[in-house]
Every structure is written in structure tokens, then in C-alpha cells.
There are 2 protein chains.
Amino acid sequence: MVFWKRLFSNSETVTTSGTTQFDGELLELTDDSLTQSRIVFSTERDLDLYELEELCDAVGWARRPLRKVKKALECSYLVVSMWEVRNNRRRLIGFARATSDHAFNATIWDVVVHPTVQKQGLGKALMKYTIKKLRSDDISNITLFADPHVVDFYRRLGFVLDPEGIKGMFWYPN
Amino acid sequence: MVFWKRLFSNSETVTTSGTTQFDGELLELTDDSLTQSRIVFSTERDLDLYELEELCDAVGWARRPLRKVKKALECSYLVVSMWEVRNNRRRLIGFARATSDHAFNATIWDVVVHPTVQKQGLGKALMKYTIKKLRSDDISNITLFADPHVVDFYRRLGFVLDPEGIKGMFWYPN
């Protein structure tokens, strides 16, 4: 696992050719002696909703109606899933999505990495992949709303808090 | 004009029947002795881009490529325009739009009211209309990024700054 971390620092995303079960993009290949495992990213939005729910459960998020989750996946501008592929079996280990006007702005939501693979640089890799996809579509304004405990994580990725005093606000009925 | 202000405090949005040139929703009717004018809201996204640019110019916004503006209007979840209709002539006096995943989240962008009609409650009316539209679609999380000088304006509308420490962040290449 530590091997991944080192690799991510100068990683290049390449199209996978060896993954037969799964159509996506290979981030890195690691060979930890006995098993060969890959981290694969996909922008395919036809995810197994139960698998996604399981991932969100693992980090303690409140459950949401699957009907609405399905709609949100369909109508997000970008859906990114991160998979661990080992011996041709894949496991969903990360997820992020973004809404957008397809032109100027994107807002990233629901960034999650499975607790069993956290602290290995995979969150950073997931975000870098997401940003790269948005930037490749010429979207200049990438935004998000960060919980207090992940502000520093996003800061290290190049996100700026309240630039020029611009404040994130949420509407509540008054 | 002052008459509007008073009316907005207990306004009810009703479908217009008297506006022949323009298909939208009537917010209020005012009769200031000689002319009859209406404020009409529309969610029609096929706006005259030059008219919109003129409105944005009037508040000093940097110009944006019309090709991208067109795309942003097409791909926003909601586009709201506010019109002053007088003697069957209409004038674009306000605008707002929102991106969304059509399920959970919406983010409001590009809120603008023409300087000649500011300070009359029309910005508030525009936002209330926008929020009402989003809420009618069962979108629970309405967000925006507010410039410092309009934070109090949004606060009065029920927007909360950094709720539970959640921070708005913008990505810049590092």
C-alpha cells in the first residue's frame, strides 16, 4: 500500500488495457509480492447503487433515498468512481461527483474514500483525477463546500478558502 | 417605484394573463398614475444574449464569451429572468441561474439586478422566486458563493454563512 503513495506523487493517468472486467482509466499499478492490484478510475455513471450506498455507509453518511441518488448520478455533470481491481475482481473504494453549467462553474460533491484505504494518497488521487477531468472540459471555476476537518486536505490540493472574501452560504427556511 | 416595495412584502406570484408579448409569471402589478408596469419572471432560457450582456455590463461584470454564456444557459438547471413590462414593452432588469444535480443540491450563480432598479426589493423578489422554484422541485440543499458586500443581503433571505463550519473553497492551479 505504501508503494501506491510513492507512485501517486508523480503519477500519470493512462488508459488501461489489462483490465478485462472493467472499462476505466488506470491510475497506477502496484505489485505487492503475491497479488497484483490496480487502482482504476471511471466516469461511468451506471453504478450499482447498493455498492455506492455501502461505501457511503462505511464513512458514516446518512442514508439517502436511492431514487434520488440515481437521479443525482444521472444529472451530475461528472461522476467519478475509484476501484481497486485485484485478480480481475473490482471493489468500489472511492467516489466523487460534480454539478456544472458545462461552461464556467463546477461544484464537487460527495467526495468519499473507503476507510480501509484512507491515508494512502487515494483521496488526493481521486480529487486530482476529478479536477483534471473538469479542467479538460475547460471549466475554469471549480468549487466545493468543505467540512471543517477536510479544509486542509483540499487546501493542499490547491483549493483556496473564501478567496477575496467570497463566502459559501446555505439556504435554510426562515 | 416605492409602491412595489410595499407590495413585495406580501406578494403572491400569479400567472399573468394580461401580458401579451411575454410568457412568464407576474409578480406584481403597479399603477404609477400614467403608465402601467409589471414585474414579470420567466424561466425561459432562450434569452437574447446581447440583452443579458448589457445587463451584466451595467453592473460592471467582466465580459464572457457569448458562446460559453449560451452553453451555460442551456446547461444550467434553472434560469430566471426578471422583466419590467410597461406598455407591452419588456426590459430585462434581473437575472439568476442555478446548477444542480436535479435531486439534492443546487448552487445559484450570476445574480444580477439592473442598477436603475436596485434598492427596491427586486433583488429579494428575484431570489425568492429562484428559491421557490428550486424548492418546488424538492431540492433541499440550496447554496451559493457570496461576494463580501452581498453576504448580509443573502443572510436576510435565510442563507447561512459557513453552517457547521462548512467552508466554500475555490480551486486554483498550484
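Computed from heavy atoms alone, side chains included, the values below leave out hydrogens, waters and symmetry copies. Just so it is clear: chains get the letters A, B, ... in the order the sequence lines come, proteins before strands, and each one is counted from 1.
When heavy atoms are compared at a cutoff of 4.5 Å, A:E164 approaches chain B solely by way of its backbone atoms N, CA, C and O. Only the side chain of A:I131 comes within less than 4.5 Å of a heavy atom of chain B; its backbone N, CA, C and O stay farther away. Residue contact with chain B, scored on non-hydrogen atoms closer than 4.5 Å, involves the backbone of A:S100 exclusively.
A 4.5 Å side-chain heavy-atom check between A:I142 and B:F170 finds every atom pair outside the cut-off. Annotation: side chain of A:T143 is in contact with side chain of B:W109 (closest heavy-atom distance under 4.5 Å). Using a 4.5 Å heavy-atom threshold, the side chains of A:M169 and B:V160 count as separate. Two residues are said to be in side-chain contact when any heavy atoms from C-beta on lie closer than 4.5 Å; B:K68 and A:D138 meet this criterion. Residues B:R135 and A:W171 meet the side-chain proximity criterion, which asks for heavy atoms closer than 4.5 Å. Side-chain contact between A:P163 and B:Y172 is present, with heavy atoms from C-beta onward closer than 4.5 Å.
Rounded to the nearest 0.5 Å, atoms CG (A:N105) and OG (B:S76) are 8.0 Å apart. Put simply, CG on A:L161 and CG on B:D162 are 7.5 Å apart, with the number rounded to the nearest 0.5 Å.
For A:F145 and B:F145, the distance between ring centers is under 6.0 angstrom.
Contact tally against chain A (heavy-atom pairs below 4.5 Å) for B:T99, B:V150, B:D147, B:L134: the top residue is B:T99.
Look at B:R97 and A:D101 and you find a salt bridge, because one of the NZ, NE, NH1 or NH2 atoms lies within 4.0 Å of a carboxylate O, short of that distance.
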